[in-house]
Amino acid sequence: QPLKDVSEASAKREATTAIRQLLNDEVPNLGAINKEFGFWKDLDGVLVDAMAWHEEAFLAALRSAGYVMTTEEHREQYAGMPTKAKLVHLVKVGGIDPRKVEGIMRSKQALTMTYIELHCTRDPQRIYLLHHFEAAGYLLGCVTNCIKGTTIELLTRTGLLPFVSQ
């Protein structure tokens, strides 16, 4: 289907219609949600597609400490867990030397920030969506197990930080 030339106003109307449809599909009772409670969205995988960056950084940090974990093993046993919890478990099962935990944590954080610097960009669709909720009077929040510095960096680089209540 050929692309059509549309005005900015028409493009905004089409975007608004598409967002409303998406919201109606995801949250059928959107009008019934109490604005005092607002919306709380997960950071990784919802507000920012950074799950793969965290995984790659964690696996690379383990490798740098001499421990090898497959992507499959990580996804089956550790995906979604905070880094510290993963490392505590690995120490407990004898997978890593407890003396290496702090170094792995620092390495993972540095690698994560590198991935963010290389790959994280503004997200106009999510900015528009959060602006729409904010303009309607909703309190917006973010739920994550990321450390605060990573969270702020991700939300800043995507342009979403101004919309999240702190």
Side-chain angles (χ1 to χ4, degrees), residues 3 8 11-12 14-23 25-27 30 33 37-65 67-90 96 100-166:
L3 295 174
E8 185 177 333
K12 284 183 179 178
E14 287 183 30
T16 300
T17 301
I19 288 169
R20 283 191 180 127
Q21 183 60 50
L22 176 66
L23 289 173
D25 292 346
E26 285 192 26
V27 190
L30 179 61
I33 294 174
F37 293 105
F39 283 99
W40 295 87
K41 291 289 189 180
D42 184 33
L43 179 66
D44 288 326
V46 178
L47 290 177
V48 182
D49 295 322
M51 291 172 56
W53 306 337
H54 287 287
E55 179 180 76
E56 291 171 26
F58 180 72
L59 295 176
L62 286 179
R63 282 192 302 275
S64 72
Y67 182 80
V68 177
M69 177 184 289
T70 66
T71 302
E72 293 75 26
E73 181 182 3
H74 180 265
R75 289 180 183 167
E76 289 173 10
Q77 297 180 32
Y78 300 99
M81 290 173 64
T83 301
K84 192 169 192 172
K86 294 175 192 181
L87 293 173
V88 165
H89 183 262
L90 287 169
I96 60 173
K100 293 187 176 186
V101 168
E102 285 303 316
I104 294 170
M105 293 273 296
R106 282 192 304 275
S107 176
K108 193 272 184 178
Q109 181 59 22
L111 290 164
T112 299
M113 295 307 277
T114 298
Y115 281 112
I116 291 169
E117 289 169 12
L118 292 173
H119 304 291
C120 192
T121 59
R122 292 178 62 77
D123 187 333
Q125 288 180 315
R126 287 184 175 117
I127 290 170
Y128 184 78
L129 179 64
L130 294 186
H131 175 73
H132 178 77
F133 281 125
E134 183 182 64
Y138 288 92
L139 175 68
L140 304 173
C142 173
V143 178
T144 184
N145 63 15
C146 288
I147 63 174
K148 187 173 183 177
T150 303
T151 302
I152 299 298
E153 187 68 19
L154 284 166
L155 292 172
T156 299
R157 285 185 176 267
T158 54
L160 302 177
L161 185 62
F163 302 103
V164 177
S165 299
Q166 296 185 41

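Source: prediction; values computed, not measured.
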**Message:** If I take atom CD from residue Q109 and atom OG1 from residue T112, how far apart are they, to the nearest 0.5 angstrom?
**Reply:** 5.5 Å

**Complete:** d(T150 OG1, K108 NZ) to nearest 0.5 Å is 6.5 Å

**Asked** Do T158 and L47 come close enough that some side-chain heavy atom pair is under 4.5 Å?
**Response** no

**Request:** Please name all residues satisfying salt bridge (Lys or Arg N to Asp or Glu O under 4.0 Å) with R157, sequence neighbours left out, ordered by chain then number.
**Result:** E153

**Prompt:** In Å and rounded to the nearest 0.5 Å, what is the CD1 to CZ distance from I104 to R63?
**Reply:** 12.0 Å

**Message:** Determine whether a donor-acceptor pair (N or O, by modelled atom type, separation under 3.5 Å) exists between the side chain of S107 and the backbone of G103.
**Reply:** no

**Message:** Is the shortest side-chain heavy-atom distance between Y78 and M69 below 4.5 Å?
**Reply:** yes

**Asked** Hey, what do you get for CG (L154) to SG (C146), rounding to the nearest 0.5 Å?
**Response** 6.0 Å

**Asked** When rounded to the nearest 0.5 angstrom, what distance separates OG1 in T71 from CD in E76?
**Response** 11.0 Å

**Asked** Mind checking whether L90 and L62 have side chains closer than 4.5 Å, heavy atoms only?
**Response** yes

**Prompt:** Taking the inter-plane angle between the rings of F58 and H74 on a 0 to 90° scale, is it parallel (under 30°), tilted (30 to 60°) or perpendicular (over 60°)?
**Reply:** tilted

**Request:** Quick one: pull up CG in L87 and CD in E102 and give me the separation to the nearest 0.5 Å.
**Result:** 9.0 Å

**Request:** Could you list the residues that satisfy ring pair (Phe, Tyr, Trp, His ring centres under 6.0 Å) with H131, not counting sequence neighbours?
**Result:** none

**Fill in**
Shortest non-hydrogen pair, L111 vs A61, comes out as CD1-N, 3.8 Å

**Request:** Flag the pair F163 / L155 as yes when at least one side-chain heavy-atom distance between them is below 4.5 Å, and no otherwise.
**Result:** no

